[in-house]
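Below: one structure, written as structure tokens.
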Amino acid sequence: MAEKLKIIPLGGLNEIGKNMTVLEYGKDIIIVDCGLGFPDDEMYGVDLVIADMTYLVKNKDRIRGMFLTHGHEDHIGGIPYAMEQFRCPIHATRLTAGIVQLKLEEHQLQNAVHLFTHEAGEKVKAGCFTVEFIHVNHSIADAVAFAIKTPVGTVVMTGDFKIDCTPASGDMIDLARFGEIGKMGVLALLADSTNAERPGYTPSERVVGESFAKLFQKAQHKRIIVATFSSNLNRIQQIIDVASRYGRKVAVSGRSMENMLKVAQELGYLKVKPGTIVDLASIKSLPKNKIVIVSTGSQGENMSALYRMAFSTHKQVDITAGDRIIISASAIPGNEKSISNIINELYRKGADVVYEKSEGLHVSGHACQEELKIVHGLVKPKFFIPVHGEQRHLQLHAKLAQSMGMNPRNIHIGEIGTVFEFTGKTCKVNGTVPAGRVFVDGSGVGDVGSVVLRDRKHLAEDGMIVVCVNLSSEDGSIITGPDIITRGFIYVKESEDLMDELKEVAMEAIDRCQRKRVRDWSAIKSAIKNDLSGYLYKTTKRNPMILPVIMEI
């Protein structure tokens, strides 16, 4: 029986982030991207989220390579965690490879992994697959789409892209190549759905440069601080150019910003006149109207440079009245509150804050509806799978493909773990593989699961009560206790009556067990827990976590 091509998304469907897709044919597997996601408010204490890679670990001998579309965290952040579980060659463009190299060094994996660098236009053979790199525009340089030649037909994966006819650096997206591949026949298209809700076209990155020029001109006597994504080199280049035009020196603050600047300058992605960039430590000796500080923290992250400046914990920069602060990024869903906290704090310090609501300070890196239509029209795929988006984005992207005359039966919206099976003429869903979210907390990967998160939620919402009691090993009678310790439940000194009542309830539970000659610890603990829990709910309408601790003496 002829082999079928399997496409299995392990992340990036019904979510924004942790993009990862597996292509499999016969004995060969390749992986496209390996991203991470950021925790939501329910994930107490979790640092980041990666895809469940169980399927890949089980089939690691068949993996022929990992191919990366671009250097954003939601496409490459999971690589160190993947490479600790299985090793395979990684293929990427120069800037993406430079950023990945930094990550591998951080995790001491640089000697364990082969990292290959390619230019747009190159083709790479990996098992039975041939992967062609196609230049696209995005909010980071060196982004590519892939045309993957498989034994049953060509699969086009756009990665994150937009159509920018006047990019701040580099060339316009290679639409001609998409058209040529479309003419040769494309089996399936997997395309970016992030902006599928937005009509029209995404504005060019140049728009932001023009906005910076106006803002810098109006702030001639002020110190300027710009917060943006460290990966958006085109944006940073434009800030440096405008600063240079107005005779200002540029200093950077934030570890990811410093790392990115170092990599980008080494690889020639930033053009900087000698003497323009200065060390942050030296800015005190310069007049305020001759400085621009480029900082991380456009998403309100707790440890970021802008956060520390706003809350006066930054070692080198104090915000003072009259500083102009420009936040050049839009809020990633879920970060709105932390960003508004920072903006309020900056206003409180007397700074003049300009953020995205004002015109032209940020443009998206993703294609809007008209651009998506252009790519669909050029590629003319037989089958279409919308990817990179939440359910509403995927559904709207599917409708958009239908509006261009595509048969709804040839459009498939999947879940992570769905196995799409292709022959040259058909596409159907055939089962699932293990998929989901793996939580990274500190140095632990996957040791925080749903049970631990449920406990953390319980503790965060209702607090805890510990009941300590010492029992006699001879007859099970109470020697000391029960003592009640609470955390995050009530303030004990103001609730002594309630504490006495809780002791009584615990005492009665233990006495009852004694009368029934119950000596099994777990049964005694269970009795204490049930009685206290019922009593507390009746009197306080709260459900704290109750932990009985019994010691035999």
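Residue numbers run from 1 in the order of the sequence given.
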Does any non-hydrogen side-chain atom of D160 lie less than 4.5 Å from one of T69? no

I want to check something: taking the side chain as every heavy atom from C-beta on, are K58 and P434 in contact at a cut-off of under 4.5 Å? no

Is it true that N232 and S139 share a donor-acceptor pair across their side chains at a distance under 3.5 Å? no

Option among H388, H376, E197 that satisfies the side chain to side chain donor-acceptor pair (under 3.5 Å) test with H397: H376

Just wondering, more than 12 heavy atoms not from K183 lying within 6.0 Å of its NZ? no

Do the charged groups of K373 and E370 touch, with an N to O distance under 4.0 Å? yes

Pairwise distance CD1(I240) to CG(L261) - rounded to 0.5 angstrom: 5.5 Å

On a heavy-atom basis, the closest approach of T296 and A227 is O-CB, 4.5 Å

Please confirm whether the backbone N or O of K273 pairs with a side-chain atom of K271, one donor and one acceptor, at under 3.5 Å? no

Taking the side chain as C-beta and beyond, is there a heavy-atom pair between F146 and V155 under 4.5 Å? no

Side chains of E106 and P80: does their closest heavy-atom pair fall under 4.5 Å? no

So do the side chains of N195 and K162 get within less than 4.5 Å of each other, counting heavy atoms only? no

How long is the gap from NE2 on H70 to CG on D33, to the nearest 0.5 Å? 7.0 Å

For R198, does the CZ atom have more than 12 heavy-atom neighbours from other residues, nucleotides or ligands under 6.0 Å away? no

Taking the side chain as everything from C-beta on, heavy atoms only, tell me whether I413 gets closer than 4.5 Å to Q391. yes

Only one of L190, L189, V136, I173 passes side-chain contact (heavy atoms from CB on, under 4.5 Å) with T158; say which it is. L189

Test: R235 and E205 ion pair at under 4.0 Å: yes

Tell me if the aromatic rings of H107 and Y81 count as close, with their centers under 6.0 Å from one another. yes

Does the separation of the ring centres of H72 and F229 fall below 6.0 angstrom? no

Determine whether I30 and I148 make a side-chain contact, defined as any pair of heavy atoms from C-beta on separated by less than 4.5 Å. yes

Report yes or no: does D142 contribute a side-chain atom to a donor-acceptor pair with the main-chain N or O of T93 at less than 3.5 Å? no

Other residues, nucleotides, ligands: >12 heavy atoms within 6.0 Å of K380 NZ: yes

Look at the side chain of K425 and the backbone N and O of F422, then say whether any donor-acceptor pair between them is shorter than 3.5 Å. no

Student check: side-chain heavy atoms of T96 and V144 closer than 4.5 Å: no

Kindly compute the distance separating OG (S330) from CG (L361), expressed to the nearest 0.5 Å. 11.0 Å

Where the side chain of D174 meets the backbone of I134, is there a donor-acceptor pair that is under 3.5 Å apart? no

Considering residues, nucleotides and ligands other than M404, do more than 12 of their heavy atoms fall under 6.0 Å from its CE? yes

Does a side chain donor of either H366 or D192 reach within less than 3.5 Å of an acceptor in the other side chain? yes

Can any side-chain N or O of Q110 pair as donor or acceptor with the backbone N or O of Q101 at less than 3.5 Å? no

Please indicate whether R87 has more than 12 foreign heavy atoms, meaning atoms of other residues, nucleotides or ligands, lying under 6.0 Å from its CZ. yes

Any carboxylate oxygen within less than 4.0 angstrom of a Lys/Arg side-chain nitrogen, looking at K103 and E73? yes

